[in-house]
Participant: 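Encoded as structure tokens, here's the structure I'll be asking about.
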Protein chains: 2
Amino acid sequence: MAGKRSGARKKRSQQAESTPQLRSEPPLSLERIIATAVDLLDTHGVDGLTMRRLADRLGSGVMSLYWHVDNKERVFDLALDAVLAFREPAPRGEALDWRADVVHMLEDWRASMLRHPWSASLLPRRTLGPNILNRLELLSRTLSKAGVIEANMNVAIWSLWNYVMGATITRASFDRSIDDLAAAQQALTRLSAHYPTIESTRLLLDSDWDGVFRKGLDFLLDGLAPKT
Amino acid sequence: MAGKRSGARKKRSQQAESTPQLRSEPPLSLERIIATAVDLLDTHGVDGLTMRRLADRLGSGVMSLYWHVDNKERVFDLALDAVLAFREPAPRGEALDWRADVVHMLEDWRASMLRHPWSASLLPRRTLGPNILNRLELLSRTLSKAGVIEANMNVAIWSLWNYVMGATITRASFDRSIDDLAAAQQALTRLSAHYPTIESTRLLLDSDWDGVFRKGLDFLLDGLAPKT
DNA sequence: ACCATGAATCGTATGGTGTACGAGTCAATC
DNA sequence: GATTGACTCGTACACCATACGATTCATGGT
């Protein structure tokens, strides 16, 4: 049963090639490792990423990974940041709607995390990578243009951060276990004597996540930069 | 080196005892297991809770735990809910300030989670225990009294939930790794060319978490139930 | 007195994990 | 041709959750 990883190591062609990236089994590289890690995380979830599986998928030995990467933690950090890249829209001509910019960036942020559900719960406890910092920087600049004074800037940023993270983490985990949710709501129905109110509004079932996110975000923005 | 757990099993006294709870080594019980698990989580963090350590701490064999508990997941669920109990304040005489009630409950919620920093990141991906449901039920009733109509109730609850979770998870994980944070801010200073704005406000360092939480919460409540 | 039952406990074994270590391969350089 | 350094990988170790099969012990029936 022990996987006899066949010694099918491709014999390299005799003549020297000056451009080695066209190999049929491309060599290991940080990029390839991270891309595969993201794939694995998407398909097998956060517990499904193991160094062994990662190496198998790359057609390499387990320890080869450690040449490119310090440890598994680092793989998470890099995969996370890779997934959160944001292409800043070309700065339009004039003083356009700052609010639309903020909403767009944050909704894109949330969408990126929901596309890779493991990322949301990972983000808060990992160090901030360049793509994340980039988003924060952009957010800060936009809010600045919107008239938020410097004394309130950190408060504003963290409030938005908190809101987006809470919404996305909750959505991501409730999404994946919708069966559990239905079971929970069912159990709740049985216990409706104890929890009559949330049972009657069917809190755990028919929530419009996108709508909730958008409305709450609007409330928050109203508070942070009231329309003059 | 293998721990020879001495066979010091106390010989029970000859005459039958009707009240067995006074034994010097109390027998295992769900309560004792969960209480010890919470202790372990507090001191060693979420990765520090292992079934072996738990058993050692309880003076029992590892597999004995599995008599009382299905699996490790269940231990997390129970420890989490145990930590989130809320003693509803005695209903005061009249139509008192609903807003104060909501703020109090949510701040207590946040404080409970911060007292056990592992709980915040755990909560969103575990099934909701009775104590959590109790808080949601209470929140729902209070908002109802505040005039939130039923059509908006789920939106209101989830918005508040999202906000509290995001704030607490972020705070809990940033709190524990304050050294990392300082290092991150330092790295940021080195990269101030790329992130000038968030560098200048020292975003990663001098944030008043409690203040941010309170202010953002006020904004949200304003939006959910505007003062007439 | 005997023993059957079932709750509770525990030792051992299995298969999984991250990663330290040292030995290998190979292209480029002297 | 020898040396170096980037890179790969097999083996080994320590630790993990937990399945399985004893073992202990209080109880109740006969």
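Computed from a prediction, not measured in an experiment: that's the story for all the values here. By convention in this document, chain letters (A, B, ...) are assigned in the order of the sequence lines, proteins followed by strands, and residues within each chain are numbered from 1.
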Participant: Measure from CG on Leu65(A) to P on dC9(D) and round the result to the nearest Å.
Facilitator: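 About 9 Å, once rounded to whole Å.
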
Participant: Where the side chain of Met63(B) is concerned, which of dT19(C), dC7(D), dA19(D) is the nearest nucleotide?
Facilitator: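 Given the options dT19(C), dC7(D), dA19(D), the side chain of Met63(B) is closest to dA19(D).
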
Participant: Would you work out how much the helix from dA1(C)-dT30(D) to dC30(C)-dG1(D) bends between its ends, with each end axis defined by five base pairs, to 10 degrees?
Facilitator: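 Rounded value for the end-axis angle: 30°.
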
Participant: In whole angstrom, give the distance that lies between atom CZ of Arg32(B) and atom C1' of dA8(C).
Facilitator: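 Distance check: Arg32(B) CZ to dA8(C) C1' gives 13 Å.
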
Participant: Got a sec, which pairs hit side-chain hydrogen bond (donor to acceptor under 3.5 Å, both in side chains) with one end in residues 39-50 of chain B, sequence neighbours left out?
Facilitator: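 Counting only pairs at least two positions apart or across chains, the side-chain hydrogen bond (donor to acceptor under 3.5 Å, both in side chains) contacts touching residues 39-50 of chain B are Asp42(B)-His116(B), Asp42(B)-Trp118(B).
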
Participant: Using a 4.5 Å cut-off on heavy atoms from C-beta on, say whether the side chain of Phe86(A) contacts that of Asn131(A).
Facilitator: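 Heavy-atom side-chain distance check fails, nothing below 4.5 Å.
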
Participant: Among the candidates dT19(C), dT18(D), dA6(D), find the nucleotide nearest to the side-chain atoms of Asn71(B).
Facilitator: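 Ranking dT19(C), dT18(D), dA6(D) by closest atom to the Asn71(B) side chain puts dT18(D) first.
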
Participant: Would you say the side chain of Arg125(B) lies within less than 4.5 Å of the side chain of Ile169(A), judging by non-hydrogen atoms?
Facilitator: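 A side-chain contact is absent here, since even the closest heavy-atom pair is not under 4.5 Å.
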
Participant: Answer with yes or no whether the side chains of Thr170(B) and Trp158(A) bring together a donor and an acceptor at under 3.5 Å.
Facilitator: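 The answer is no; no qualifying pair exists.
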
Participant: With respect to the side chain of His68(A), which nucleotide from dA17(D), dT8(D), dC9(D) is positioned closest?
Facilitator: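 Between dA17(D), dT8(D), dC9(D), the one nearest the side chain of His68(A) would be dT8(D).
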
Participant: What is the distance, to the nearest angstrom, from the CH2 atom on Trp67(B) to the C1' atom on dA22(D)?
Facilitator: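 Spelled out: CH2 on Trp67(B) to C1' on dA22(D) is 15 Å.
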
Participant: Please report the distance, rounded to the nearest Å, between CZ in Arg74(B) and P in dT18(D).
Facilitator: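 In whole Å, dT18(D) P and Arg74(B) CZ are 14 Å from each other.
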
Participant: Nearest-Å distance, CZ (Phe76(A)) to C1' (dG18(C))?
Facilitator: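 Nearest whole value for this atom pair: 12 Å.
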
Participant: Could you pull out all residues at least two apart from Arg141(A) that satisfy salt bridge (charged side-chain N to carboxylate O under 4.0 Å, His left out)?
Facilitator: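 Counting only residues at least two positions away or on another chain, Arg141(A) forms a salt bridge (charged side-chain N to carboxylate O under 4.0 Å, His left out) with Glu88(A), Glu137(A).
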
Participant: Going by the rule salt bridge (charged side-chain N to carboxylate O under 4.0 Å, His left out), which residues pair with Arg110(B) if we only count those two or more places apart in sequence or in a different chain?
Facilitator: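 Expected list: Asp210(B).
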
Participant: For Leu30(A) and dA6(D), give me the distance from atom CG to atom P, rounded to whole Å.
Facilitator: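 The answer, rounded to whole Å, is 15 Å.
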
Participant: Who are the salt bridge (charged side-chain N to carboxylate O under 4.0 Å, His left out) partners of Asp101(A), not counting sequence neighbours?
Facilitator: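 Arg92(A).
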
Participant: Rounded off to whole Å, could you give me the OH-to-C1' distance for the Tyr66(A) and dC7(D) pair?
Facilitator: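 So the OH-C1' distance, Tyr66(A) to dC7(D), works out to 16 Å.
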
Participant: Among dC10(C), dC7(D), dC9(D), which nucleotide sits nearest the side chain of Ser64(B)?
Facilitator: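 Looking only at heavy atoms from C-beta outward on Ser64(B), the closest nucleotide is dC10(C).
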
Participant: Please list, pair by pair, any protein nitrogen or oxygen found under 3.5 Å from a nitrogen or oxygen in nucleotides 13-17 of chain C.
Facilitator:
unit_1, atom_1, unit_2, atom_2, d
dT17(C), O4, Arg52(A), NH2, 3.4

Participant: Quick check: are there more than 12 heavy atoms from other residues, nucleotides or ligands sitting under 6.0 Å from CZ of Arg74(B)?
Facilitator: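 Open: at most 12 neighbouring heavy atoms sit under 6.0 Å from CZ of Arg74(B).
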
Participant: Does some side-chain heavy atom of Arg135(A) sit less than 4.5 Å from a side-chain heavy atom of Asp108(A)?
Facilitator: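 Asp108(A) reaches Arg135(A) side chain to side chain.
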
